[in-house]
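Shown next, in structure tokens, is the structure this report addresses.
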Amino acid sequence: MVTVTEQLKTRPDPRRWWALGALVASMLVLGFDLTILNVALPTIAEQLGATTGEQQWMADAYIVVFAALLLPAGLLGDRFGRRRMLIAGLGVFLAASLVGAVAGDVEQVIVARALMGVGGAFVMPLAMSVIPSLFPREEQTKAIGAISAASALGMPLGPIIGGWLLDHFWWGSVFVLNVPMVAIGITACLFLLPESKDPAAPKVDVVSTALSALGLGTLIYAIIEGPGRGWTDPLVISGFAAAVVLLGTLVLRDRRGSRPMLDLALLTHRAFLTHTATATLGNFVFAGLLFLLPPYLQAVLGTDSLGTGLRILPVIGGMLLAARLAGPLIARAGARLTVGGALAVLAFAAFLGARTTPTSGYGFTALWLSIAGVGLAFSMIPAMTGAISALPPHEAGRGSGLLSTVRQTGSALGVALLGALVAGAYTARLATTGLPDAAAGTARDSVMGAHVVAGAVGDPALAASANAAYVHGMNLALVVTGAVALAAAALAAFFLPPGEPRPADGEVAVPGAAGRQ
């Protein structure tokens, strides 16, 4: 017989939908910050004199820290209270946004972005992991969908809102936007979110956390510094060597541990490994494109900030359109055909985009961007779903954490590698003969810098040379992207199962529940 007290304990919290609203607002902010800064980078480069390498660090500082802390943040929430650590993460994110808004130089912006990565690492997994404590099982899928949709909606809104802010206010306004939304999230979490924890969760492995952060950060540093210093520079070679040692030590430590924080043994599941590799490639391409496109649109095509945000939408619009159709298609055609075909479409879009010239105009850009968005969505979305579905239910939490970490690593590498390729090609092609050393150095730092110098000295030939050099570098990056997409398509064709795996026993995996075992 069920008592009244027991009925009250099992009755869903009537405030749960209000609490979900706070979580949705928090995830919307994270979605903004995936795309909003990219629109601001050309403006920051022009006003603060940021080099291409420094712009890469502004983008990657957030991603590197986020990827390194994603799993330990989830574990800290499990052990010490998910509500408490979620509020702490939002607080760090708010403080970092204020630092970014008042930053007076490039270094302060990079520090602010790194601190935002710390806060974001707590928000992302914990916003998902509190769902089971708020909602009964029959409502969890709807709640998870709302949070995921908020993060996805933030991506297309980021460039538009960021562009509008830059057209009307100073560049720091893209950071100010976070403040009221995060403040609302913190207030709502304080009053509406119940506390939950899992004292049996594994302890945070401080050594593994340090190894992953230092290893990934050193690798990114070497890649970013390579074009400027030269790939044979002792510092660059030392950076690559240190990254190999640090990340190799992390792998060895993981294999020897009984309950590793980053459980690489999950990669022995062939379907999980292949789906994870495909999703990581998608993040690699998506992050790289969002970094490369704004300078092209603003410097070469001459659009303003809002126009740049609007012109990035085709790649995101293609992803949103395909997201609605991916489920039915993969159910009908299977994972192998859907993902492999999508990667081939992505390769076609990249090779098509590599035919861009300084006079191509935006219509051609919109065409290949839209195709790329469809290819990205039909490969990434089924890959993320298939990766977790390929694992037994009791491993879904660890698999989700590993998948998120590897995907964010792919984003960081996309910005670093494709950005380094463009920077090297741009510098090699730019004609600065006859310019004073200081002006030539500014022009070589970035295409926006070249346009500033060209306007100051009245040299339209320099602006034309900068446009041609940047487009050449962007085309090289697109050729590399297409080649990698083709290789991934072959991988999917050989190793993905013909059908789509489903969770066993009717259980639903909660994405983002990092560290839960």
Side-chain angles (χ1 to χ4, degrees), residues 31-52 54-56 58-59 62 100 109 113 153-177 285-320 349 353 356-370 372-373 376 414-415 418-419 422-423 426 445-452 454-455 463 466-467 469-471 473-475 477-478:
F32 284 153
D33 282 278
L34 287 172
T35 55
I36 195 170
L37 184 75
N38 297 84
V39 178
L41 284 177
T43 304
I44 295 174
E46 181 180 353
Q47 297 186 10
L48 296 185
T51 66
T52 299
E54 288 171 334
Q55 293 176 63
Q56 287 171 272
M58 289 182 204
Y62 175 85
V109 176
R113 288 285 292 173
L153 182 62
M155 290 194 295
L157 289 178
I160 298 174
I161 295 174
W164 184 85
L165 288 171
L166 290 167
D167 278 354
H168 293 82
F169 305 100
W170 89 114
W171 59 263
S173 60
V174 299
F175 292 96
V176 175
L177 174 67
V285 173
F286 185 56
L289 286 178
L290 289 182
F291 179 79
L292 300 178
L293 282 171
Y296 166 71
L297 294 171
Q298 290 192 30
V300 180
L301 297 188
T303 60
D304 60 14
S305 298
L306 178 58
T308 296
L310 291 171
R311 284 166 174 78
I312 291 176
L313 287 183
V315 66
I316 301 174
M319 294 181 69
L320 294 177
T356 301
T357 69
T359 59
S360 291
Y362 177 69
F364 179 71
T365 303
L367 172 64
W368 69 262
L369 276 183
S370 299
L376 279 169
V415 172
L418 297 181
V422 172
Y426 168 79
D445 283 342
S446 68
V447 64
M448 294 300 296
H451 276 262
V452 170
N467 290 347
Y470 190 86
V471 169
M474 186 177 75
N475 288 344
L478 288 171

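Here the structure is a predicted model, which is why all the values come from computation and not from measurement.
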Non-neighbouring partners of [X] that pass side chain to side chain donor-acceptor pair (under 3.5 Å), sequence neighbours left out:
{"X": "Y470", "value": "none"}
{"X": "N467", "value": "H451"}
{"X": "T359", "value": "T357"}
{"X": "T356", "value": "none"}

Rounded to the nearest 0.5 Å, how far does [atom2] of [Y] lie from [atom1] of [X]?
{"X": "I44", "Y": "L37", "atom1": "CD1", "atom2": "CG", "answer": "5.0 Å"}
{"X": "D304", "Y": "L166", "atom1": "CG", "atom2": "CG", "answer": "9.5 Å"}
{"X": "T308", "Y": "Q298", "atom1": "OG1", "atom2": "CD", "answer": "3.5 Å"}
{"X": "Y296", "Y": "R311", "atom1": "OH", "atom2": "CZ", "answer": "11.0 Å"}
{"X": "I312", "Y": "L369", "atom1": "CD1", "atom2": "CG", "answer": "8.5 Å"}
{"X": "T303", "Y": "Y362", "atom1": "OG1", "atom2": "OH", "answer": "9.5 Å"}

Do you know which two heavy atoms are closest between [X] and [Y], and how far apart they sit?
{"X": "A59", "Y": "F291", "answer": "CB-CD1, 4.4 Å"}
{"X": "S370", "Y": "A366", "answer": "OG-O, 2.8 Å"}
{"X": "V174", "Y": "L177", "answer": "O-CB, 3.9 Å"}

Side chains of [X] and [Y] in contact at under 4.5 Å (non-hydrogen atoms):
{"X": "L165", "Y": "W171", "result": "no"}
{"X": "W164", "Y": "F169", "result": "yes"}
{"X": "P294", "Y": "L41", "result": "no"}
{"X": "L289", "Y": "L478", "result": "yes"}

Qualifying residues under side-chain contact (heavy atoms from CB on, under 4.5 Å), relative to [X], sequence neighbours excluded:
{"X": "A466", "value": "Y426, L430, V447, A450"}
{"X": "A477", "value": "L292, L418, L421, V422"}
{"X": "A50", "value": "A45, E54, Q55, M58, V106"}
{"X": "I160", "value": "L306, L310, L313"}

- prompt: Who passes ring pair (Phe, Tyr, Trp, His ring centres under 6.0 Å) against Y62, sequence neighbours left out?
  reply: F66

